[in-house]
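In what follows, a single structure is set out as structure tokens and then discussed.
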Amino acid sequence: MTSAGRPAWARVRALLQAGGANAAALRALEEAPFVVALDPPGAPPDGDPPNGHRDPPADGDLDAEAKALLLGPCHNRWFDKCLTLIVFSTGRMGLNVEHSWGTPRRGAPMGVHAGH
């Protein structure tokens with residue numbers, strides 16, 4: 001929903017707000033301070049890296065993780081939230097931040113804290 005164009009987003013949001021469990025779930029998402037997205041196995045980056053777990057990962061692994069953090073899979077991202085913690089099936093994690101407050105001045109400390 002949040003990766004769709006705003007007209008489609010507004011239609012879906014109105015349907016969800018109509019009542020019942022969907023309205024409660026939408027309210028919980030909107031009131032939460034952040035969202036955690038758990039990427040299933042097979043989502044980019046695709047499963048465990050070759051030759052077992054590498055830390056730090058190889059250059060190609062970082063490219064795949066960066067794309068996954070920025071772009072999706074769209075079905076489990078809530079791009080309207082200021083902060084989304086994304087956990088890959090490998091156990092590695094990263095952040096997707098809404099950029100208006102996540103500028104280097106403010107966003108960089110978030111990345112530093114996430115690394116600890």
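For clarity, every value in this text was computed on a predicted model and none was experimentally measured.
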Side-chain donor or acceptor of T2 paired with backbone N/O of R77 under 3.5 Å: yes
Quick check on the hydrophobic clustering: are V97 and V36 connected, directly or via other members, by side-chain heavy-atom contacts under 4.5 Å? yes
With a 4.5 Å limit on heavy-atom distance, are the side chains of D39 and N76 in contact? yes
Starting from the C-alpha separation in whole Å, work towards a yes-or-no answer on side-chain contact (heavy atoms from CB on, under 4.5 Å) for M93 and I86. CA-CA 5 Å; M93 66 158 288; I86 301 162; over 6 Å; no
Counting only N and O atoms by type, is there a donor-acceptor contact under 3.5 Å from the side chain of K81 to the main-chain atoms of A32? yes
Heavy-atom side-chain proximity of F34 to T84 below 4.5 angstrom: no
Pick out which of L26, N22, V12 makes a side chain to side chain contact (heavy atoms under 4.5 Å, CB included) with Q17. L26
Pair R13 + E30: basic N to acidic O under 4.0 Å: yes
Are V35 and L95 joined in one hydrophobic group, where the rule is that I, L, V, M, F, W and Y side chains link up if heavy atoms are under 4.5 Å apart? no
Might you point out which heavy atoms bring P40 and S89 nearest each other, and give the distance in Å? C-CB, 4.2 Å
Verify same cluster id: L38, L83 (apolar side-chain graph, 4.5 Å): yes
Heavy-atom check, side chain of F88 versus side chain of L69, under 4.5 Å: yes
